[in-house]
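For reference, the structure discussed in these notes is given below.
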Amino acid sequence: MRTPFRISGHVWDAAELVVVEISDENGAIGRGEACGVYYRNDTAPQIVEDLESIRREIEAGIDRAALQQLLPACGARNALDCALWELEARRAGQPVWRLAGLSAPRPLLTTYTIGAADPAVMAAGAAAFVDARAIKLKLTGDGADAGRVAAVRAARPDVWLAVDANQGFTPATLHELLPTLLEAGVQLVEQPFPIGRESDMQGLALPIEVAADECVRVIEDLAPLVGLFDIVNIKLDKCGGLTHGLAMAAEARRLGFKVMVGNMTGTSWAQAPAFVIGQSCDVVDLDGPLLLARDRTPGVVYEDGHVWCADEVWGGAG
């Protein structure tokens with residue numbers, strides 16, 4: 001990581017990633033990258049183990065539809081699914097976005113994330129993101145969150161502002177923080193309560209939109225959250241790839257949710273498939289490479305608060 005990255009209950013100084021490359025008899029290659037989901041123990045060694053468990057099926061020839069039945073939603077399925085999408089694009093001579101039936105992509109306004117730290121450090125981080133037009137703050141429920149929010153808002157009165165608790169709040173701590181959030185003009189609260197405590201959302205009637213992240217993984221998780229959350233955050237490592245992610249986004253919209261696309265802090269090879277989903281999302285959080293000490297070349301481009309992913313980064317026909 002560029003600097004240690006702290007959220008509620010965790011600190012990272014590195015990102016351990018798994019890359020899948022799959023090729024056909026003509027030498028076309030597809031690539032996919034996975035970071036996994038730390039709170040589900042879906043780590044890099046587990047991803048490799050999951051992939052090895054279906055090596056025979058992969059080498060015998062596999063498509064995306066068959067993959068959905070071979071592996072559950074996990075980082076391994078994500079990496080392999082994305083590799084299969086790119087392989088299909090290169091064999092068809094068409095970019096992934098066209099194969100997915102989408103219009104030509106456009107740059108997307110993205111949040112820039114600031115890890116939890118002392119208020120002054122977070123304010124300095126916000127000021128350093130000169131290009132940012134939307135900022136997301138990691139909060140922890142440790143009693144210092146009000147100072148963090150106020151300091152960042154003072155440093156950046158111009159940006160759209162969101163906060164992410166990563167399951168770190170209780171109804172009481174959220175209620176205590178709410179006046180500060182309203183005064184700072186915070187537009188979104190992400191995953192305030194722990195997985196399994198979704199019922200705590202009942203009756204809160206918050207005047208700020210609330211997004212479900214850790215508590216929503218796959219399509220089947222959506223319906224029980226109707227009436228509790230306003231937005232659902234789709235991450236490819238959670239849902240197991242672009243194939244399921246596209247279907248999940250469509251179902252979320254059918255159920256009346258707004259849709260957010262996020263990331264588990266991967267390189268540009270992980271952001272690129274999510275960028276495809278992001279074309280139809282209400283909130284985009286694809287800033288993972290900004291948190292890393294280095295990235296792929298070529299990589300996604302961040303400019304004027306937007307993220308842009310050219311076809312040559314991933315998923316192009318060439």
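In this chain, residues are counted from 1 in sequence order.
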(message) Between D50 and R77, does any side-chain N to carboxylate O distance fall below 4.0 Å?
(response) no
(message) Is it the case that the ring center of W308 lies less than 6.0 angstrom away from the ring center of H306?
(response) no
(request) Using the side chain to side chain contact (heavy atoms under 4.5 Å, CB included) rule, take T110 and Y302 through it: C-alpha gap first, then chi angles, then the decisive distance, then the call. (result) CA-CA 9 Å; T110 182; Y302 296 95; 4.2 Å; yes
(message) I'd like to know if R40 and D42 make a salt bridge, using a cut-off of under 4.0 Å between side-chain N and carboxylate O.
(response) no
(request) Could you check if a side-chain atom of E198 sits within less than 4.5 angstrom of a side-chain atom of F193, using non-hydrogen atoms only? (result) no
(message) Using a 6.0 Å distance limit plus a 45 degree cone around the ring axis, check whether R64 lies over the aromatic ring of W85.
(response) yes
(request) Hey, could you give me the NZ/OG1 distance between K235 and T265, rounded to the nearest 0.5 Å? (result) 7.5 Å
(message) Donor-acceptor pair, distance only, cut-off 3.5 Å: does the side chain of Q191 make one with the backbone of D213?
(response) yes
(message) Between D164 and K136, does any side-chain N to carboxylate O distance fall below 4.0 Å?
(response) yes
(message) Between T170 and R197, is there a side-chain donor-acceptor contact under 3.5 Å, judged purely by atom types and distance?
(response) no
(message) Between D142 and R148, does any side-chain N to carboxylate O distance fall below 4.0 Å?
(response) yes
(message) For R153, is there an ion pair with E183 - N to carboxylate O distance below 4.0 angstrom?
(response) no
(request) Measure the spacing between CD1 of I234 and CD of E251 and express it to the nearest 0.5 Å. (result) 10.5 Å
(request) Report, as yes or no, whether the 6.0 Å neighbourhood of atom CG on D13 holds more than 12 heavy atoms from other residues, nucleotides or ligands. (result) no
(message) So that I can tick it off, tell me whether R31 and E86 are bridged by a salt bridge, with the cut-off set at under 4.0 angstrom between side-chain N and carboxylate O.
(response) yes
(message) With side chain to side chain contact (heavy atoms under 4.5 Å, CB included) as the criterion, how do L188 and M260 come out once you've worked through the C-alpha distance, each side chain's angles and the decisive distance to 0.1 Å?
(response) CA-CA 11 Å; L188 175 67; M260 177 178 181; 4.2 Å; yes
(request) Would you mind checking if K238 and E214 are paired as a salt bridge, meaning a charged N to carboxylate O distance below 4.0 Å? (result) no
(request) Verify the ring-centre separation between F275 and W314: is it less than 6.0 angstrom? (result) no
(message) Take a 6.0 Å sphere around NE2 of H10 and say whether it holds more than 12 heavy atoms from other residues, nucleotides or ligands.
(response) yes
(message) Take a 6.0 Å sphere around CD of E209 and say whether it holds more than 12 heavy atoms from other residues, nucleotides or ligands.
(response) yes
